[in-house]
Amino acid sequence: MELSLNRVDYLQVGVTSQKTMRLLPAAGRKATQKVAVADHDGIITCFGMKKGEAVPVFKTLPGQKISRLELGGALGTPQEKIFVAAGSEVRGYTKKGKQFLSFEANLAESIKAMHIAGADLFVCASYIYNHYCDCKDQHYYLSGDKINDIVCLPAESLGRIVPVLACQDRVLRVLQGSELSYEVEVPGPPTVLELNNKDGGTEGEVLYGTADGKLGLVKMTESSPVHRWEISNEKKKGGVLCIDTFDIVGDGVREILVGRDDGTVEVYGLDSSSEPVLRFEHVLSESVTSIQGGCVGKESFDEVLTATYTGWVTGLTSETQREEVGPGDEVKMSRETQNKIAALRAELEQLQLKVLQEREKYQQTSQSSTAVSAVPVFSINDKFTLCQDDASYSLTLEVQTAIDHLLLQSDVPIDLLDVDKNSAVVSFSECDSEPNGNFLLATYRCQANTTRLELKVRSIEGQYGTLQAYITPRLQPKTCQVRQYQIKPLSLHQRTHSIDQNRPMNTLSLTGQFSFAEIHSWVVFCLPEVPEKTPAGESATFLFQNTFLGTQLETTYSKGEGHFKSDNISTISILKDVLSKEATKRKINLNISYDINEDSVNHTLRMIHPKLEYQLLLAKKVQLIDALKELQVHEGNADFLIPEYRSILEESTHLLEEYKKQPAHLERLYGMITDLFIDKFKFKGQNVKTKVSQLLEILDNYDLNSLMDFFNAA
Amino acid sequence: MSHAFTVQFVRAAMLVPIFTLKLNHKINPRMVTVGKFDGVHPCLAAATQAGKVFIHNPHTRAQRQAAHRLSQSAHDSDISLLNINQAVSCLVAGSLEPGQVGDALLVGSQTNLLAYDVHNNADVFYKEVADGANAIVLGKLGDIPSPLAIIGGNCALQGFDHEGNDQFWTVTGDNVRSLMLCDFTGDGKNELLVGSEDFDIRVFKEDELVCEMAENETVTSLCHMHGSRFGYALANGTVGVYDRTARYWRIKSKNHAMSIHAFDLNADGVVELITGWSNGKIDARSDRTGEVIFKDNFSSSIAGVVEGDYRMDGQVQLICTSVDGEVRGYLPASKEMKGNLMDTSVEQDLIRELSQRRQNLLLELKTSRLTEGDAQMGVIPANTQLQTALCVKAATEAQKAHIELNISTPNETIIRAVLIFAEGIFEGESHVVHPSVQNLSGCVRVPIIPPKDIPVDLHIKAFVGGRNSTQFHVFEITRQLPRFSMYDLHVDPAAPQPTGIVCFGINDRPQRVVMWLNQNFLLPEGIDAPDVKFTCLRGGGLLSISMQPSGEITLKTDDIDLAGDLIQSLASFLAIEDLQAEADFPAYFEELRVTLTEVDEFHSVHQKLTAAMADHSNHIRTMLVQAEDARLMGDMRTMKKRYMELYDLNRDLINEYKIRCNNHNALIACLKSVNQAIQRAGQLRVGKPKSQVIAACRNAIKNNNVNALFKIMRAGTASS
């Protein structure tokens, strides 16, 4: 069954955070619902649609940035009270806009996530979870990593309210009171949680979405999770920002609505075996921060309502938009639209006037020598994440208004890769590594109306530094903002939940006069995805996996002591270099000892082997495609070729696609094998850089055994 | 239509392709054409791999036997293949012989031009062209009565009539990449537009250069729109439209424009510029504004965009082809669509745009109200103004000679980074200076080395703020770099005097020449007499310009290109239409003399090698027969021996081929420099004298009269 939905824009408010738009329950006999949306200016706008025009119900005054908006009310009554979290405060409004609650949570940080159930209020700041009942403190929990979202399973399903926290370290933490009940491992950093079928059903099911675009359903039982299904993100769509369940098709089963940070809106239906199937997809041009199904625009037409980063409230409605235009008819704008445009134009004119006055004032003050000039502050939504599939970083930048140009600067060698959906014109500038330490200077000149840019960056482990992005939007007066992103020494590592203990491991041990916080800061410096806050307790253990090679790393450290275990000798070598450098910087005397397992080198080579072999074969096949095609044209058919060649011809499009997907993969593997070779002998105190050319020769005629022999013989 | 199984017709609801074909043959980019080879049925002809051209004829299934060049494709009876046996470099179909019914197919390669009668399967003519054929165009030019096939090669343009007679020849600045015929001047006769690798679009009225438009990359395509309006595409992804010498609009994409074509897709009576891109996109843009009115996507790069009545129903379709052999035809929009081909709601977009503007204004208002803020927010004194200065810096030990752009702030604010967007002087379109944190200051010096003498607009963006700011003011300033900026007034008295000299007379006041000097050179104080000496920073050596009160101007330099550029620039400044000059460049002329003797040598080597090859192929034939005889006789030893010998011979042949190749490339390089020399001699003159010099030089070369050639180059006229 195909779903067809049409886009309608309703209204634009300020920049919005994740989960800040909700539909109020339909009141009385009226079938259309009102919408409440809150933005970074601190304004809550509540509106309904009347004859295609947004009619405000109420609008609050500007204030602190609002990070969440939820609906609540006494249990068993319509959930039509509006609660917002701004800073560390929670405010409540009636559906008419009357404020009835102002509750200061007294948190050191601002509230990131919030859940409301009857008189129970659950709020989360970065690491802290708090539960209040009737504004009185009930429970408290300190999470090991940042909390991104919270939902609570209602009391009906498990006999008590069960809070579930989505934490950055790829786990969902299920709480009981102030204690951790159990953890649920999920495939990526979870960014959003939602109860399945709005209430979690009878079984307590929770939907989650991850920062790398995965989606899943978990059933929470008393003591352990049951994973129901999981959708991977093969098409590399954006991270999930919001989820809702709503029966848009009208078949009695709720579909799953998903909004992503690349602007994708999806509707998943469930097939006969309750597995999700994609039913509808639409791409808006910017992050979808909130999503909900309901009826807003016109009675009896259900729709998917979304709010985007720049504050557009947009519906995807089942109502057909365009009336058929008969031959000879002028395409006429509807009266409503005309009115809307006229009103907008009038408002614009007034604003323009005001701005001109302000500019004049500005001109006058700029003559004086004491006046200062500030620049407009614009908000940037950025994300710098490691993609597991191709071991590269993706940088997405989103601005509330169109981007004019972007300057990328890096003080560490990195490769900037082309992204197909990017239309901006990129230009690489000549770099002077001396004396200014630039290794990458690139400008992106954006086409008109680009509010979102996506870039891909490939780093090399062991080379670390900072990537800076200077973003200039098309705003007057022209200004730019700089954002910094750390390229860490072990940049291709990713947190994982378990490692294989049977692999041959190399160990690096540190002892010395350093505090727990100090060694933690070094680990944060070296590795991505480690929480900046020093973990609670005496010691900490983190597990990592190299996304490119699949080798692993275990770090365990406490005050005065640290142990790093990896099957990859290069990982240990990088850690050794960086840690001793960091310690020297702080004038701390470190005792470094290492235990090198010779078998680990062969083990790593064996791990690389299938990847290398595949890449070599692929490269060889791709090289042959053109020649074979030419032969085919020459002879008129391919029957005379040996089956191997014929199969290359048949698979040529697939092969080319694969090859295009992994640019420079082979070079990267070569580089890592070379590093492995150098590092192996570095630990023995030998410099083998002169033998690298020999190594490359062997790689050119690759054979696992001869490579291992070379490693052992040299 | 009897072949509906290959041509799938789709009903045109919105603007969807009216037919789609998969041809199963690769198509070389830019080598696609449509011709009515039998005078009735339009066929698609395109160059494909392995030195072949395929002709797709869905209308009459060919029953002819494979013969001569033509052979039937094994898979597909609609396709016939034409063997060229050389990599095809350009292709066009059209009527070459007046009165002939069918179109001729012209196929150019790096060495030959073939005019072919597809219908009768016969060559019309086959010509060797030493300068190669990078681009081809067919049609009438100026007053030349017969239609010409004009090819553009290495610095040369050549036109052939239907008998293969060379009717037109001239030289141009660099390798030709695109050609177009249109009535540029509006005199009812066609001019030839030439896009070349030196980034220029030149307009030739027969062999006289009428005007030049400087672009900033190789001009890869040109297409006539209507009247004097034409579209162009550059190698850096720029596409745009000119009317005469004025550019109407241009856009730049990160993808490359593979093919451009003019077609009225929205049926409003005016053609749009259709562009096929390397990422498989097709778009149609309004000729006036460049606004996209239609787009579609192919799965692979576009190879060519052409038009033709492919369904033979009286309606011309736009035909787009991809490199993978996919072909789609589009009919112009029907009346009902009112030119609205895009699937977006206009009013919704308008509301979105207005709303965005409102949001921007609100944001600006919000900040103007901001009274205080800290340095991190990028607060700077309101009277901060950016100063820029340009000056010439001679070479030092640490740095090459360059022009220094000095940007500074008047107070304690710092410049975090400087971005300069300019065309044609940087590797990409921009240059960035980003000092490290310890080198931050209120002053940034940017060395600029323009590779050519062209005037450049520098669009400077400087990020100004405090040391620890995360937000900066962006100052935007545009400065112009004069055309001859790499010339320094400081002259080393010991430097050797240049031997090259050009003398010419003008009827203008010296003040006007002074004005020209001040505008086109980077002179900090300006000068007041037309008598100056410069050091050339790019190549070294001196340049002196002096003018007698009588109007006699003498240029002294060893760089003949520079002399030409100076004369052309001065002539256009003073609006001189015709200018004769006497010149002598002893060093350059000597070089040319050597090159000319080399050309002769390469020619003779070429002949020797060809003879040797013919000899070898005879050997091969006999050896193969002997080997096969031995095999039939069962004498495996002899067979093996023969085949071994054959293998050796084959290796020799390959080696010889390589030598031939090298020899050929060297020859091409020499011929190019000869063509360039003629062009340079022309550049020293303006208007009629210029075309006379070029024509006279060509004659001298044709007659192999080297001394006459130099005489002409010096005196500017044939001695007779």
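Naming convention: chains lettered A, B, ... in sequence-line order (proteins, then strands); numbering from 1 in each chain.
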Could you look at Val15(A) and say if it's the side chain, the backbone, both or neither that has a heavy atom under 4.5 Å from chain B?
-> neither

Is it the side chain or the backbone of Thr472(A) that comes within 4.5 Å of chain B heavy atoms, both, or neither?
-> side chain

Check: Lys252(B) main-chain N/O paired with Gln447(A) side-chain donor or acceptor under 3.5 Å | yes

Student check: side-chain heavy atoms of Leu354(B) and Arg345(A) closer than 4.5 Å | yes

For the residue pair Leu361(B) and Val355(A), what are the closest heavy atoms and their distance?
-> CD2-CG2, 3.7 Å

Determine yes or no for a side-chain-to-main-chain donor-acceptor pair under 3.5 angstrom, with Asn438(A) supplying the side chain and His434(B) the backbone.
-> yes

Residue Gln468(A) versus chain B: region with a heavy atom under 4.5 Å = side chain

Heavy-atom distance under 4.5 Å to chain A: side chain of Phe426(B), backbone, both or neither?
-> neither

Under 4.5 Å heavy-atom distance to chain B, tell me which part of Leu344(A) shows up: side chain, backbone, both or neither.
-> side chain

Which pair of non-hydrogen atoms, one from Gln471(B) and one from Thr479(A), has the smallest distance, and what is that distance?
-> NE2-OG1, 4.2 Å

Is chain A contacted by the side chain of Phe475(B), its backbone, both, or neither, given a heavy-atom distance below 4.5 Å?
-> neither

Could you look at Asp411(A) and say if it's the side chain, the backbone, both or neither that has a heavy atom under 4.5 Å from chain B?
-> neither

Evaluate the criterion side-chain contact (heavy atoms from CB on, under 4.5 Å) for residue pair Arg358(B) and Leu351(A); output intermediate values, then yes/no.
-> CA-CA 7 Å; Arg358(B) 185 178 126 238; Leu351(A) 275 173; 3.5 Å; yes

In terms of heavy-atom contacts, does CZ of Arg445(B) have more than 12 from other residues, nucleotides or ligands at under 6.0 Å?
-> no

With only heavy atoms counted, which part of Gln385(B) is less than 4.5 Å from chain A, the side chain, the backbone, both or neither?
-> neither

From CA spacing to verdict: side-chain contact (heavy atoms from CB on, under 4.5 Å), Phe421(B), Arg445(A) = CA-CA 10 Å; Phe421(B) 287 86; Arg445(A) 204 163 44 82; 3.8 Å; yes

Looking at Glu476(B) and Asp404(A), what are the two nearest heavy atoms and their distance?
-> OE2-OD2, 4.4 Å

Part of Thr314(A) within contact of chain B (heavy atom distance under 4.5 Å) | side chain

Return the orientation label for the Tyr470(A) and Phe472(B) ring planes: parallel under 30°, perpendicular over 60°, tilted otherwise.
-> tilted

Has Glu427(B) got more than 12 heavy atoms of other residues, nucleotides or ligands less than 6.0 Å from its CD?
-> no

Check: Thr470(B) side chain, Val482(A) main-chain N or O, donor-acceptor pair, under 3.5 Å = no

Minimum heavy-atom separation for Ser430(B) to Thr443(A), with atom names?
-> OG-OG1, 2.6 Å

Measuring from Leu441(A):CG to His431(B):NE2, what's the distance to the nearest 0.5 Å?
-> 8.5 Å

Work out which heavy atom in Leu407(A) is nearest to a heavy atom in Ala417(B); give both atom names and the distance.
-> CD2-CB, 3.9 Å

Measure the spacing between CD of Gln481(A) and OG of Ser469(B) and express it to the nearest 0.5 Å.
-> 11.0 Å

How many angstroms lie between CD in Gln359(B) and OG1 in Thr310(A), if you round to the nearest 0.5 Å?
-> 7.5 Å

Okay, side chain of Ser427(A), backbone of Glu429(B): is any donor-acceptor separation there less than 3.5 Å?
-> yes

Closest non-hydrogen contact found for Gln12(A) with Ser355(B) is OE1-OG, 2.6 Å

Step by step, would you call His473(B) with Lys478(A) a side-chain contact (heavy atoms from CB on, under 4.5 Å)?
-> CA-CA 6 Å; His473(B) 288 255; Lys478(A) 272 264 169 76; over 6 Å; no

Side chain / backbone / both / neither for Arg474(A) at chain B, heavy atoms under 4.5 Å | backbone

Within 6.0 angstrom of Gln86(B) CD, more than 12 heavy atoms from elsewhere | yes

